[in-house]
There are 2 protein chains.
Amino acid sequence: MAPLKLILPHILKRFSSTSSITIKPTPSKAHHHQPIPSLSFPHGYLLTGIHTGIKKSPLVPDLALILSTSQHPTSAAACFTRNAFKAAPVLVSQEVLEKSGGRVRAVVVSSGCANAVTGKKGLEDAWAMVRETDALLDPKAKLNKDGGNETLVMSTGVIGQTLPIAKIISGIQSQVQTTHTLGSDFDAWERAAKAFMTTDTFPKLRARKFVIRGKEYRMAGMDKGAGMIHPDMGPMASTTGSSGASGLHATLLGCILTDAAVSPRSLQSALMYAVERSFNSISVDGDMSTNDTIIVLANGAAGAGAIDEESDRESYEIFKQELTAFAADLAKLVVRDGEGATKFVTVTVNGAPSYADAHKIASRISTSALVKTALYGEDANWGRILASTGCVALSTPLNPSLVSVSFVPSDGSSALPVLVDGEPEDVDEARAKEILQEEEFEVRVELGLGAESATYWTCDFSYEYVRINGDYRS
Amino acid sequence: MAPLKLILPHILKRFSSTSSITIKPTPSKAHHHQPIPSLSFPHGYLLTGIHTGIKKSPLVPDLALILSTSQHPTSAAACFTRNAFKAAPVLVSQEVLEKSGGRVRAVVVSSGCANAVTGKKGLEDAWAMVRETDALLDPKAKLNKDGGNETLVMSTGVIGQTLPIAKIISGIQSQVQTTHTLGSDFDAWERAAKAFMTTDTFPKLRARKFVIRGKEYRMAGMDKGAGMIHPDMGPMASTTGSSGASGLHATLLGCILTDAAVSPRSLQSALMYAVERSFNSISVDGDMSTNDTIIVLANGAAGAGAIDEESDRESYEIFKQELTAFAADLAKLVVRDGEGATKFVTVTVNGAPSYADAHKIASRISTSALVKTALYGEDANWGRILASTGCVALSTPLNPSLVSVSFVPSDGSSALPVLVDGEPEDVDEARAKEILQEEEFEVRVELGLGAESATYWTCDFSYEYVRINGDYRS
């Protein structure tokens, strides 16, 4: 065990004259994006990703459009960052969602500019994006006859600069021409996913099928994010007053689309449950962005009655679990693409008195700089894990003599206990090295206090992370 | 402003093939340790630092002894880590302090081994250190005639291994011989300070004089710490059950000695106030150790009645402010010596509705990986500062349009506002570079919500930090 080594070599390292270091290359993550059969995608959606001119290169899409074409009512739900500095698109989407009563049919997403700390102009621009996208929707399927908006808006990118709104508007308007690029096949979904990207190294797109009461439904979605990732999103989190907003260049944005019919209220409650166990359970660098937004649309295009928690609890529960598993798949892609990440680590906390307790400890371990540098160094440093565990205030006090820690390989071979009931194990060094050298493994903490568990996904802290975020100007 | 740059170069950096980077050398910090005139030290203390064999090199001291020789009653107070995994010396010191009613005359400190996760043996060893040090004290000055212990114990170093207790005992016993090294001059204080060190690059020793009601007193002390620094210490924080303890190699330990007389209760209350505004307001890496301990002794050797909050509020307030300023001086030394630190940054939050609110925001900014890598990159990235500010839950909601951020140079020249009332300034790039290139500067955040302020001290996040903590095994 490294912690058992004498401390002197560690001290000497601080006086080392080394001024150049060789960094481990960040593994390529391109293989996490693969073609998906077009039949897997939910029915009744048209998508595209186009270049409007927010980003410089004409080859890079910077605007995604997602439209529901279903003749059934489309429900929407969303979770927004709890950060007090909410960017203009967050404030606008909150207002649209609230006024529409959860009946929204489109999502417009811009990347390259976060439209944050942009004052009144920023709000006007976000509203313009909403109105222009509304105009793409079939007016016959409108539920709300009084002209209410039906589009939610998300933006990600640099802050403090306003959107090139004229370019964006003409980009959106281009989609009413016969030359529009809206489609429903894999290429269209992929174009949309690519238009979400900023510092991401691969587009993040997934699809799955699920069955409720014998009926098959589809769910697909995309997200983005690589840095400033430690979301804490809730439904209509209180907005603190004024319009001065702020955001950053690497927000978490996600959009999930299904052809199931779900009542707006049940869709929101399922999303909140899912987000807590997916996007709110990941961390790249512990920093919560000001633009984080997750949107789900349910357009009923598969045909069948609306799923509702009150009228059919069982169907609702199945839907909620499907949504949660799917959201977790999307969330994990963000951690895999974490800035500078060389490891994908699952942190599981078991035996907690409550889910909230387990979640707090998992979050603390997942954000500890000392734990994350140890993961980078492939060092089975249980001491740092214990220190993080112990600094969280819980509903029931921790009993150190009940706490166990193990490292679990991802290949299904047996776990390596490093601390059992508060006592350090005589660890097999070679086996520890074997597990921690892998790109993926699990850190498992058992508290011995109850029956609740939580899972978090995190990555390591590397030289590359410092290079990306510290050599920003170079 | 860097955040205004187009994002594309940032994306390209993620694909860069660079595999070797040149790191900025960490500046030498040796100049922070200077000789102090022996007359500056408080009267009535004997100190030494000796090598007992915990550390390998016979030239490196690993045990400090601090004895009060005052014939007046000596008061003691302490703050201990709130971590649930408390190391054996923390548990033992808490018990001694409680049973003694705040009447303690000695402190024994070992470095190189934290005596943590060492079970019953660890507790026995910590008690043995207490008893052996008790034996060095003048029995005639004993207040407590029933044989109660009068020594507090602290340890820092690696975890999971037991102390070489026989060597430590013979080291302590060597101090009753005529060849003892106990003394009261600068050399003796410096020896003690050196025996606190683990990964520290310089001994941390300071002294000051102060006057209360025309009477002059002295205060001196030492501390240590360079990594795993984000203390949260309270008085007798609840101990969670069992003896299984844990610690790490780079804890915060500190000891402050004064020749004023202070009642035990007032000493504890002054220390709690001081620690909140000093040691609990620093962060190197956001990780709270399991051994963090700050002890203060007040031995009355200067002569004069005991300072007490109830009987003389004014004298008590002066003492409290002196203790707070002195504790802040010691705390700042730890940040200056932060692992891999190239910057010493003061984070001030003004205009908060309460001190606790201001402190929470200052703490969040001071621990943000994105803020700290930006400090390393000398990037005036106010967006990251805002994002950190906005993710803290406050007693009064933030109003983004009232928030201002500026960078304040340490040379007294004028501050550089980067955000004023929620609106980004047109920043003078050259001036920003000038300020952020310095080793020391201040980040000042104005909330516009109230009259309360808090100050935090932090450092940057460098390649060197990753090297020290990630290349642990190399």
Side-chain angles (χ1 to χ4, degrees), chain A residues 2-4 6-8 10-11 14 19-23 25 56 83-85 112 117 157-161 198-199 201 228 240-242 244 246 248-249 285-290 368-370 373 376-377 379 383 386-387 390-391 397-401 422 424 463 466 468-473, chain B residues 2-4 6-8 10-11 13-14 19-23 25 56 83-85 112 117 157-161 198-199 201 228 240-242 244 246 248-249 285-290 368-370 373 376-377 379 383 386-387 390-391 397-401 422 424 463 466 469-473:
Chain A
L4 301 178
L6 268 178
I7 201 154
L8 282 171
H10 188 70
I11 297 174
R14 296 205 60 194
S19 63
S20 174
I21 42 179
T22 302
I23 60 174
K56 262 186 184 165
N83 200 300
F85 296 93
V117 200
V158 295
I159 67 164
Q161 68 183 29
T198 57
T199 58
T201 68
M228 189 163 281
T240 54
S242 130
S246 160
L248 271 163
H249 62 277
D285 48 23
D287 278 288
M288 188 204 300
S289 166
T290 54
S368 158
L370 283 172
T373 47
Y376 179 63
D379 174 7
L386 276 197
C391 73
L398 267 185
N399 180 341
S401 70
Y463 292 122
V466 177
I468 292 170
N469 290 292
D471 279 2
Y472 197 87
R473 283 163 179 257
Chain B
L4 301 177
L6 268 178
I7 201 153
L8 282 171
H10 188 70
I11 298 174
K13 283 170 65 183
R14 296 204 61 193
S19 63
S20 174
I21 41 178
T22 302
I23 61 174
K56 262 185 184 165
N83 200 300
F85 296 92
V117 200
V158 294
I159 67 165
Q161 68 183 28
T198 56
T199 59
T201 67
M228 189 163 281
T240 54
S242 130
S246 159
L248 272 162
H249 61 277
D285 48 23
D287 278 287
M288 188 204 300
S289 165
T290 54
S368 157
L370 283 172
T373 46
Y376 179 63
D379 174 6
L386 277 197
C391 73
L398 267 185
N399 180 340
S401 70
Y463 292 123
V466 177
N469 291 293
D471 279 2
Y472 197 87
R473 283 163 179 257

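Throughout, a chain's letter reflects where its sequence line sits, starting with A, and its residues are numbered from 1.
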>> Test your reading of the model: is there a side-chain donor-acceptor pair from A:N469 to the backbone of B:L370, 3.5 Å cut-off?
In response: no

> Donor-acceptor pair, A:D285 side chain versus B:A369 backbone, under 3.5 Å?
Replying inline: no

> If every non-hydrogen atom of A:A84 is compared with every non-hydrogen atom of B:P400, which pair is closest and at what distance?
Replying inline: O-CG, 3.5 Å

> Taking all non-hydrogen atoms of both residues, which atom of B:V117 and which atom of A:P424 are closest, and how far apart?
Replying inline: CG1-CD, 3.3 Å

> Checking side-chain contact (heavy atoms from CB on, under 4.5 Å) for the pair B:T290/A:L386: CA distance, chi angles, key distance, verdict?
Replying inline: CA-CA 9 Å; B:T290 54; A:L386 276 197; 6.0 Å; no

